[in-house]
Protein chains: 2
Amino acid sequence: MTSTTPRRRNAAATREAILTSAIAAFTEHGYDGVGVRDIAADAGVTAMLVNRYFGSKEGLFTEVVDVSFARPTMVPGTADGLATETARTLVARTSADADHLGPFELMLKSAANPKAAEIMRSAIRRHVGARFTAALDGPDADERAELGIALIAGTWLMRRIIGTPALRDADPDLLATQVARMLAVVVEPPA
Amino acid sequence: MTSTTPRRRNAAATREAILTSAIAAFTEHGYDGVGVRDIAADAGVTAMLVNRYFGSKEGLFTEVVDVSFARPTMVPGTADGLATETARTLVARTSADADHLGPFELMLKSAANPKAAEIMRSAIRRHVGARFTAALDGPDADERAELGIALIAGTWLMRRIIGTPALRDADPDLLATQVARMLAVVVEPPA
DNA sequence: CGTCGTAATCTACAGGTGTAGACAAAACCT
DNA sequence: AGGTTTTGTCTACACCTGTAGATTACGACG
C-alpha cells in the first residue's frame, strides 16, 4: 500500500496496486517465498481479490514477469561501448547499497520453481534476450547474447544473493573492467 | 531408498541414507522445494529421524552443502588448459541428457532462501572458491576465481534451469569455445 | 532368558498454503 | 428512490509444513 489516497472502489487502481506489490514481493523473496496473503495485505486488500483479478498465484506471477522483464534494464540500445556500459551498470546495481532490484533478482529468486522457470523462459527470450540480441552484430547473436546474460546473472547471484566476499568487497572499477573484458568476448563480432 | 539390504537397526547407515537422499532431493528441488517427510520417505525412515540425527532441516542442509561442495567438480587442479577444460566439462554437464547434478544445481535451486544462501556462502568460499583460486596465478586471484564461478553458475542457470533455447540447442563445441574464451579473461594471469 | 539401551515410530500440534463459495456493500443507471 | 452490477470481504476447506513428546520394538549383553 503505497498510494496516499484511500482509494475507495476502483478496479483498475486496485489491480495495479496488487501488481505493484507482487512485483516487489516476488522480486525480493521469489515465487515460493511469498504467499498471496502477503501480497494482498501489502496492497491493502484481501487475498481473494488476487485470484479474482489474476486467476491464481501462477497467473499473477506470469503478469509480474512480463512487466518486470519488459522494462529496459542494464543493456543500452547501441553497440558502442556495450560491454563497458553494461558492466558498469551491473556493478552499480549489485553494490551493497543498491535498491533497484530488477528482473535478474526476480529470475534468480524464482528459478527453483519449475513452473516459474517455464514462465520466465519465454519472457526472457521475448524481452531481455531480444533486446540484447538486437544490439549484437555477427553470427550466433542469440547464443552470444544469452552467454552475456548468463554472465550478468551469475555475477548478480554471487555478488548480491549468495554474497561471496571477494566479489562483494571488490573494487568497483576493477570489477567492472574485468566483467567488461569478459562481456567483450561475446559482444564484439568475431573477426 | 537405494540400498538393497533392509538395514534394520544401524545408526551410521541410517544417517548416511538420510544424507544421501537429502543431497539428491535438495539438489533437484532446492531447500524450499523439499519437505523433511520427502527426504525421510526416500531414505526409508520416518521424518522424525531426520531431526534426531541432524537437529533440524537447516542442520541437515548445512551438512548436505558441505558434502556436495567438498567434492571436486568441474575445475581441474592444474592451470594448464584450465579454461578450455572447465568449459568443456561445463557444457557436458549442462547438456540435456546429463544426470550428474552437482553443487551448482544445488546452489541455484536453493539460492532463494536467505538462510540457505548464508549456509552456502561460507561453503563456497571454503571449497569451490578455494580450489579455483588455488589454480590461478597473479593478483586478485579470489576475485577472478569468483568471476569464473559466476560465469559457470550463470551458464548453468540459463542452460539447465531456465532452459533458454539458444543456449540449450547450441552446438556443444562452439559453446565450449565461447565459454573458454570468456573464462580465459580471468584465468590467464594479467600481462 | 531377561534386562537394558537405543533405534525408530506414532500421535499431535500450531501454523501456513492456495483457493472455492457465499455474503456484504458501495456505486452506477435509470 | 429503487434496482442492478460491480467491488470487496468473510468463512471455510483440505492439505502440507517443521518439530516436540511419548511410546514401541529391536538387538546385544550379562
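Note that the coordinates shown come from a computational prediction; the quantities given were computed from them, not determined experimentally. Every chain is numbered from 1 and lettered A, B, ... according to where its sequence line falls, protein lines coming before strand lines.
- Atoms CD1 (B:I18) and P (D:dT19) sit 14 Å apart, rounded to a whole Å.
- Between B:I39 and B:I18, the shortest heavy-atom distance links the atoms CG2-O, 3.9 Å.
- For B:T14 and C:dA8, the shortest distance from a side-chain N or O to OP1 or OP2 is below 4.0 Å.
- Residues B:R71 and B:I23 meet the side-chain proximity criterion, which asks for heavy atoms closer than 4.5 Å.
- Side chains of B:E146 and A:T164: a donor on one and an acceptor on the other come within 3.5 Å.
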Criterion salt bridge (Lys or Arg N to Asp or Glu O under 4.0 Å) on A:R160 and A:E105, from CA distance to verdict: CA-CA 9 Å; A:R160 216 183 149 67; A:E105 182 99 6; 3.7 Å; yes

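- You'll find that the side chain of A:N51 is closest to C:dA20, out of C:dT17, C:dA20, C:dA7.
- Protein atom CG of B:D32 is 13 Å distant from nucleotide atom C1' of C:dT17, rounded to whole Å.
- Atom-to-atom distance recorded for A:R144:CZ and A:L183:CG is 12.0 Å, nearest 0.5 angstrom.
- With distances taken from any side-chain atom of B:Y53 to the nucleotides C:dG21, C:dA8, C:dC10, the minimum falls on C:dA8.
- Within the nucleic acid shown, A:V50 has no heavy atom closer than 4.0 Å to any nucleic acid atom.
- For A:A180 against A:A87, the heavy-atom pair with the smallest separation is N-CB, 3.6 Å.
- At whole-Å resolution of the value, CZ in A:R37 and P in C:dG15 are 14 Å apart.
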Pair B:D137-B:E188, side chain to side chain contact (heavy atoms under 4.5 Å, CB included): steps then yes or no: CA-CA 8 Å; B:D137 296 327; B:E188 311 288 342; over 6 Å; no

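- Of the listed nucleotides (D:dA12, C:dT9, D:dT9), C:dT9 has the atom at the smallest distance from the side chain of B:T46.
- Remark: B:S56, B:K57 in residues 56-64 of chain B come within less than 4.0 Å of DNA chain D through at least one heavy atom.
- Distance, B:L49 CG to C:dT6 P: 15 Å, rounded to whole Å.
- The two atoms that bring A:A83 and A:A184 nearest to each other are CB-N, 3.9 Å, heavy atoms only.
- Consecutive Watson-Crick or G-U pairing (both distances under 3.5 Å) extending over three or more pairs maps onto DNA chain D as C:1-13 with D:18-30, C:15-23 with D:8-16, C:25-30 with D:1-6.
- Checking C:dA7, D:dT19, C:dT19 against the side-chain heavy atoms of B:R52 singles out C:dA7 as nearest.
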